[in-house]
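As a basis for the values below, the full set of heavy atoms in this structure was taken, side chains included, without hydrogen atoms, waters or symmetry mates. All chains are named by letter (A, B, ...) in the order of the sequence lines, taking the proteins before the strands, and each is independently numbered beginning at 1.
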There are 2 protein chains.
Amino acid sequence: MSKRPEPPIAPSAEAPRRAADRIRDTAAELFYREGIRAIGVEEIVNRAGVTKPSLYRAFESKDELAADYLRDYDRRFFLSFEAPAADHPGDPKGQLLAYLEILSVRASSDGYRGCGLTNAVIEYPDRDHPAHQVAVDSKRALRERLREMCRGMGARDPDELADGLLLLLEGSYVSGQTFGEGGPARALGAAARRLIDASL
Amino acid sequence: MSKRPEPPIAPSAEAPRRAADRIRDTAAELFYREGIRAIGVEEIVNRAGVTKPSLYRAFESKDELAADYLRDYDRRFFLSFEAPAADHPGDPKGQLLAYLEILSVRASSDGYRGCGLTNAVIEYPDRDHPAHQVAVDSKRALRERLREMCRGMGARDPDELADGLLLLLEGSYVSGQTFGEGGPARALGAAARRLIDASL
DNA sequence: TGACAATGTTACCGATCGGTACGTACCCTG
DNA sequence: CAGGGTACGTACCGATCGGTAACATTGTCA
């Protein structure tokens with residue numbers, strides 16, 4: 001193999017990236033901030049500086065674009081969920097609390113828009129909708145991960161504790177939007193700590 | 001005042017009630033089950049068996065109809081929130097747990113659609129939207145009511161406990177939709193109990 | 001009977017919705 | 001330089017959105 005084609009110029013870098021990528025980024029931003037139903041494809045392509053056919057060449061439909069956005073959101077979510085764990089090796093409780101502490105701050109500050117996946121379930125209650133399915137799958141995975149961590153903590157009833165913590169998590173996501181600065185999510189850390197300690 | 005007009009025939013009863021009332025009922029049902037953005041005015045009037053002009057004679061706009069729906073939802077919510085308290089006079093903890101027990105069952109059974117007010121905040125993140133405002137006001141009142149109850153319990157930090165409980169509540173609303181039957185809301189009672197007991 | 005309020009009927013508005021048929025500029029390869 | 005694919009834009013589609021104008025019909029009360 002003498003010289004492989006080598007992607008056009010810079011695969012990353014700045015400049016006019018592929019239309020599909022610009023659409024993905026713009027859609028992610030708009031869907032998250034305003035809601036999926038609130039944003040039309042017209043606005044996405046306008047803000048992305050592309051045209052509608054480009055969108056429909058890369059994505060089957062708006063619904064599929066939304067599902068794609070959520071799949072990506074899911075990936076980034078679990079990255080940020082696991083990231084703080086690095087500072088607490090072999091300490092599931094410390095790992096979880098580290099994430100919760102970060103969330104607590106974000107979710108009780110102004111302009112917070114909650115979890116894109118949770119929001120999607122509410123926007124699309126229909127179980128058959130692609131966006132709904134992606135979001136629910138992600139939440140099931142989160143529940144399982146929490147159970148795992150609770151087992152690691154040595155909880156008396158790990159599944160029950162995991163569910164309690166999941167309620168606190170989801171509560172923080174939605175309350176963050178409702179109350180903004182100084183909202184109830186600021187109590188997330190303390191509540192989680194108490195709940196965990198009372199369950200070991 | 002000899003005899004005041006006296007409402008037409010039966011203020012309640014069956015039969016062809018006023019168009020505005022039929023619209024209200026139908027909109028409440030559809031908005032709650034499918035979401036506000038998902039339902040068009042056309043569908044509301046069709047299902048209510050009335051016509052569009054009737055809707056716009058009784059309501060300024062769809063947004064105002066939505067706000068009206070939420071105001072009514074708020075009223076009925078606080079009724080159902082306070083109702084179970086009757087069995088536990090002078091016992092704030094028992095009162096709250098009684099409601100939570102009921103919610104726990106409903107929110108972990110199939111087809112649950114959460115809290116209409118919470119859903120509205122997510123559907124309309126714009127603070128200026130009438131629906132958003134009604135919902136946020138209602139949630140603020142709920143937070144205040146919870147603080148009151150936590151003071152009544154003699155909590156060390158009533159505001160913090162109230163926020164923790166609010167997170168559990170909101171978490172149940174949204175998780176109910178995500179997980180359906182057997183969802184994490186079934187752990188609501190146990191979690192609340194532990195949180196309260198660890199905060200007195 | 002006659003007046004009034006409430007509702008229905010029909011037809012329409014401009015804007016926006018999600019989605020597409022079709023033409024064109026570009027770049028790599030031969 | 002020819003050809004062909006890739007990537008994109010122009011212009012448009014029918015359907016539905018929220019909302020309204022003008023007028024006919026009904027039921028209730030005085």
Side-chain angles (χ1 to χ4, degrees), chain A residues 1-11 15-27 30-31 34-69 123-124 126 128-131, chain B residues 1-11 13-27 30-31 34-69 123-124 126 128-131:
Chain A
M1 49 181 84
S2 44
K3 51 178 178 181
R4 69 194 200 299
E6 206 170 4
I9 298 189
R17 290 158 309 149
R18 308 284 283 257
D21 293 333
R22 311 196 40 144
I23 290 168
R24 232 184 294 267
D25 291 355
T26 308
L30 292 176
F31 282 165
E34 318 264 350
I36 300 173
R37 293 200 114 112
I39 296 297
V41 292
E42 191 91 40
E43 187 166 356
I44 294 173
V45 296
N46 286 346
R47 294 237 214 172
V50 301
T51 56
K52 265 203 273 190
S54 288
L55 193 158
Y56 284 96
R57 272 184 287 261
F59 305 93
E60 266 196 7
S61 62
K62 184 198 173 185
D63 287 350
E64 267 310 317
L65 172 61
D68 203 79
Y69 146 64
E123 281 202 274
Y124 295 96
D126 178 2
D128 295 335
H129 196 284
Chain B
M1 51 182 82
S2 44
K3 52 178 180 184
R4 69 196 202 298
E6 207 171 5
I9 298 189
E14 188 64 44
R17 290 154 310 147
R18 309 283 283 256
D21 293 333
R22 309 194 40 140
I23 291 167
R24 233 184 294 267
D25 291 355
T26 309
L30 292 176
F31 282 165
E34 317 264 350
I36 300 174
R37 293 200 113 113
I39 296 297
V41 292
E42 192 91 39
E43 187 166 355
I44 294 173
V45 297
N46 285 346
R47 295 236 213 171
V50 300
T51 55
K52 261 203 276 188
S54 288
L55 192 157
Y56 284 97
R57 274 187 283 256
F59 304 92
E60 269 196 5
S61 62
K62 184 196 173 185
D63 286 352
E64 267 310 317
L65 172 60
D68 202 78
Y69 147 63
E123 281 201 275
Y124 295 96
D126 178 1
D128 295 335
H129 196 284

- Starting at the 5' end of DNA chain C, which residue's closest nucleotide do you reach first, K62(A) or P53(B)? P53(B)
- Output yes when a side-chain donor or acceptor of E123(A) lies under 3.5 Å from a complementary backbone atom of I36(A), and no otherwise. yes
- Query: Atom CZ of F59(B) to atom P of dG18(D): distance rounded to whole Å?
  - Reply: 15 Å
- Would you kindly compare R57(A) and R57(B) by the position of their nearest DNA chain D nucleotide and give the one closer to the 5′ end? R57(A)
- Item | N or O in side chain of R18(A) less than 4.0 angstrom from dA7(D) OP1/OP2 | yes
- Task: Grab the CG-C1' distance between N46(A) and dC17(C) for me, whole Å please.
- Result: 14 Å
- Spacing between R37(B) atom CZ and dG18(C) atom P, to the nearest angstrom: 12 Å
- Separation of Y124(B) atom OH from dG18(D) atom C1', in whole Å? 11 Å
- Whole angstrom value for the distance that separates P of dT16(D) from CD1 of I44(B): 16 Å
- Message: If you compare every side-chain N and O of S54(A) against the phosphate oxygens of dG9(D) (OP1, OP2), does one of them come in below 4.0 Å?
- Response: yes
- Message: Quick check on dG19(D): is either OP1 or OP2 less than 4.0 Å from any side-chain nitrogen or oxygen of Y56(B)?
- Response: yes
- To the nearest 0.5 Å, how far apart are CG in N46(A) and CG in L30(A)? 10.5 Å
- Which salt bridge (charged side-chain N to carboxylate O under 4.0 Å, His left out) pairs, counting each pair once, include a residue from residues 41-50 of chain A, with sequence neighbours left out? E42(A)-K52(A), E43(A)-R47(A)
- Message: What is the distance, to the nearest angstrom, from the CG atom on D63(A) to the P atom on dC17(C)?
- Response: 15 Å
- Query: Should the pair R24(B)-D21(B) be classified as a salt bridge under the 4.0 Å nitrogen-to-oxygen rule?
  - Reply: yes
- Can you measure from OG1 (T26(B)) to CG (L65(B)) and round to the nearest 0.5 angstrom? 10.0 Å
- Note on the structure: Judged by nearest nucleotide, the residue sitting upstream toward the 5' end of DNA chain D, G49(A) or K52(A), is G49(A)
- Query: Looking for any heavy atom pair under 4.0 Å, which part of the strands does I39(B) touch: base, sugar-phosphate only, or nothing?
  - Reply: sugar-phosphate
- Message: Expressed as a whole number of angstroms, how long is the span from I23(B):CD1 to dA6(C):C1'?
- Response: 12 Å
- Item | Separation of dG18(C) P from H129(A) NE2 (nearest whole Å) | 11 Å
